[in-house]
Amino acid sequence: MAKSSSTRTTRKSAPGTRPVRWLRRWTIRLGVLAVLIVLGTVAAHRVIDPPRTFYMGQEARRLGGIDHLWVPLEAVAPVMARSVVAAEDANYCLHWGFDMMAIRTAIEDGGARGASTLSQQVVKNVYLWHGRSWPRKALEAAITPVVEMLWPKRRIVEVYLNVAEFDEGVFGVAAAARHYFGVPPSDLTPVQAARLAAVLPDPKGRSASNPGEWLRKRSAAILDGAATIDRDGRADCFED
């Protein structure tokens, strides 16, 4: 009996290992909880419009207010969605959140050009913060496949058009259409849609209503790209 008691005693964990085990156990629990929160939030935003983004809040505090109005995709001229895809993510209907061809091209060019897809930009705008940092890029890389898995392509385009910045303090295509052209988003012409898409990479430095020579040429290229997407049937993935 004494030998058995001694054996049981030696099997007990050493006192120094208990905090390590406790920390490991709670780290796993918190990790699982974080994953469930992300999954639940992204799943909810498939049907519920996301609230004001972190960046919108920053700009609202800085400027004293912003211009933003959410509209469903069916209230936006179809050419606007095609123009954004042509301008920002030509392979949108072919990838699962990351455009590997664009990433390879960006690497070969020394990182001088961006390779973010619409899906990645939605994740950054809706769930994260602006600015270049490895933690943000890591979170973006983790959440983007979740968005692609839980949202249809049409929903990603819809959310993108409603949270993108088109001018200082002007967010979403509805506010942008009124701000630049005095029309509702449903009445945007192909040229107007192309110009709005052309300002997206630098909304504070470009104007859709007062375009320079470069923006006119860029808009013409986007207009051709949008027409090609329509003609080839590639818009089916986000217009159905």
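Heads up: numbering here begins at 1 and tracks the sequence. Just the heavy atoms: all of them, side chains too, but no hydrogens, waters or symmetry mates, feed the values below.
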Student: Between W151 (side chain only) and V42 (backbone N and O only), is there a donor and an acceptor less than 3.5 Å apart?
Tutor: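 Indeed, once roles are kept as given, a pair shorter than 3.5 Å links the two residues.
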Student: Which heavy atom of A194 sits nearest a heavy atom of S219, and at what distance?
Tutor: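 So the two residues come closest at CB-O, 3.4 Å.
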Student: Check G225 against A86 and note the closest heavy-atom contact, atom names and distance.
Tutor: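 Smallest interatomic distance, heavy atoms only, reads C-CB, 3.7 Å.
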Student: So, S119 versus E148: side-chain donor-acceptor pair below 3.5 Å or not?
Tutor: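 Per modelled atom types, S119 and E148 side chains form a pair under 3.5 Å.
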Student: Out of curiosity, T144 OG1 to K137 NZ, how far, rounded to the nearest 0.5 Å?
Tutor: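 Going from OG1 on T144 over to NZ on K137, the span is 8.0 Å.
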Student: Run the side chain to side chain contact (heavy atoms under 4.5 Å, CB included) check on L196 and F181 step by step: do they pass?
Tutor: CA-CA 10 Å; L196 286 178; F181 307 116; 3.9 Å; yes
Student: Using 30° and 60° as the class limits, which term best fits the ring planes of H45 and Y127: parallel, tilted or perpendicular?
Tutor: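 It falls in the parallel class, under 30°.
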Student: For the pair D49 and R155, find out whether any cationic side-chain nitrogen is under 4.0 Å from an anionic carboxylate oxygen.
Tutor: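 Yes, D49 and R155 are salt-bridged.
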Student: Side chains of M100 and H95: closer than 4.5 Å at any heavy-atom pair?
Tutor: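 They are not in contact (no side-chain heavy atoms under 4.5 Å apart), so the answer is no.
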Student: Side-chain heavy atoms under 4.5 angstrom apart, residues restricted to Ile, Leu, Val, Met, Phe, Trp, Tyr: same cluster for L94 and F98?
Tutor: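 No, no single cluster joins them.
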Student: For the backbone of L118 and the side chain of D89, can you confirm whether one donor and one acceptor N or O come within less than 3.5 Å of each other?
Tutor: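 At least one qualifying donor-acceptor pair exists.
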Student: Can you find a side-chain donor-acceptor pair between Q192 and Y180 that sits under 3.5 Å?
Tutor: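 Distance-only check fails for Q192 and Y180.
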Student: Is E158 salt-bridged to K153, cutoff N-O under 4.0 Å?
Tutor: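 No, this pair does not count.
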Student: Hydrophobic cluster membership, with links at side-chain heavy-atom distances under 4.5 Å among I/L/V/M/F/W/Y: are V35 and V123 in one?
Tutor: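 Yes, because V35 and V123 connect within a single hydrophobic cluster, where side-chain heavy atoms sit under 4.5 Å apart.
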Student: What pair of heavy atoms forms the shortest contact from A87 to R218, and how long is it?
Tutor: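 Here A87 and R218 meet closest at O-NH2, 3.1 Å.
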Student: Please determine whether a side-chain nitrogen of the Lys or Arg among E59 and K204 lies less than 4.0 Å from a carboxylate oxygen of the Asp or Glu.
Tutor: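 Yes.
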Student: Considering all heavy atoms of both residues, which atom of P203 and which atom of E165 are nearest to each other, and what is their separation?
Tutor: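 So the minimum-distance heavy-atom pair works out to CB-O, 3.2 Å.
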Student: Test N125 against Y55 for side chain to side chain contact (heavy atoms under 4.5 Å, CB included), laying out the working first.
Tutor: CA-CA 7 Å; N125 288 334; Y55 179 63; 5.8 Å; no
Student: Do W70 and V159 make a side-chain contact, defined as non-hydrogen atoms from C-beta onward lying under 4.5 Å apart?
Tutor: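 In contact.
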Student: Take atom CH2 of W134 as the centre, draw a 6.0 Å sphere, and report whether it contains more than 12 heavy atoms from other residues, nucleotides or ligands.
Tutor: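 At most 12 heavy atoms, drawn from other residues, nucleotides or ligands, come within 6.0 Å of this atom.
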Student: Given the rule that I, L, V, M, F, W and Y join up when any side-chain heavy atoms are under 4.5 Å apart, are V79 and I222 in one cluster?
Tutor: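 Unlinked, V79 and I222 end up in two clusters.
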Student: Any side-chain heavy atom of E88 sitting closer than 4.5 Å to one from Q121?
Tutor: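 Touching, per the 4.5 Å side-chain cut-off.
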Student: Can you check whether V183's main-chain N or O pairs, donor with acceptor, with R178's side chain at less than 3.5 Å?
Tutor: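 Checking the backbone N and O of V183 against the side chain of R178, no donor-acceptor pair under 3.5 Å is found.
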Student: Any salt bridge linking R136 with E140? Criterion: basic side-chain nitrogen under 4.0 Å from a carboxylate oxygen.
Tutor: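 Salt bridge between R136 and E140, a charged N being under 4.0 Å from a carboxylate O: yes.
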Student: In plain terms, say whether D167 and R206 are close enough for a salt bridge, that is, a side-chain N and a carboxylate O under 4.0 Å apart.
Tutor: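 No, no charged N to carboxylate O under 4.0 Å.
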Student: Is there a side-chain contact between F171 and D67 in this structure, where contact means two heavy atoms from C-beta onward sitting under 4.5 Å apart?
Tutor: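 The answer is no; the side chains never approach within 4.5 Å.
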Student: Taking the side chain as every heavy atom from C-beta outward, state whether M80 and P190 have any atom pair closer than 4.5 Å.
Tutor: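 The answer is no, as the side chains (C-beta and beyond) never meet within the 4.5 Å cut-off.
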Student: For M56 and N162, work out which heavy atoms get closest and say how close.
Tutor: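 Where M56 meets N162 most closely, the heavy atoms are CE-O, 4.0 Å.
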Student: Roughly how far, to the nearest 0.5 Å, is the CD1 atom of I229 from the OG atom of S83?
Tutor: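 Answer rounded to 0.5 Å: 8.0 Å.
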Student: Check the pair V173 / V71 against side chain to side chain contact (heavy atoms under 4.5 Å, CB included), numbers first and verdict last.
Tutor: CA-CA 8 Å; V173 66; V71 291; 4.2 Å; yes
Student: Same cluster for L150 and F238 if Ile/Leu/Val/Met/Phe/Trp/Tyr side chains link at under 4.5 Å?
Tutor: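 Yes, because L150 and F238 connect within a single hydrophobic cluster, where side-chain heavy atoms sit under 4.5 Å apart.
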Student: Which atoms form the tightest heavy-atom contact between F166 and V199, and what is the distance?
Tutor: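 Looks like O-CG2, 3.7 Å.
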Student: R29 and R25: side chain to side chain contact (heavy atoms under 4.5 Å, CB included), yes or no, with the steps?
Tutor: CA-CA 6 Å; R29 289 176 179 176; R25 182 166 60 248; 3.5 Å; yes
Student: May I ask you to say whether R234 pairs ionically with E239, meaning some side-chain N is under 4.0 Å from a carboxylate O?
Tutor: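 Not counted as a salt bridge, because no side-chain N and carboxylate O are separated by less than 4.0 Å.
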Student: Do L188 and L223 share a hydrophobic cluster (ILVMFWY, side-chain heavy atoms under 4.5 Å, transitive)?
Tutor: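 In one cluster: no.
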Student: With a 3.5 Å distance limit and no angle check, can you tell me whether T117 reaches the backbone of D99 through a side-chain donor-acceptor pair?
Tutor: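 It does not hold such a pair.
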Student: Examine distances only and state if a side-chain atom of R195 and a backbone atom of P211 form a donor-acceptor pair shorter than 3.5 Å.
Tutor: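 Side chain of R195 to backbone of P211: no pair is present.
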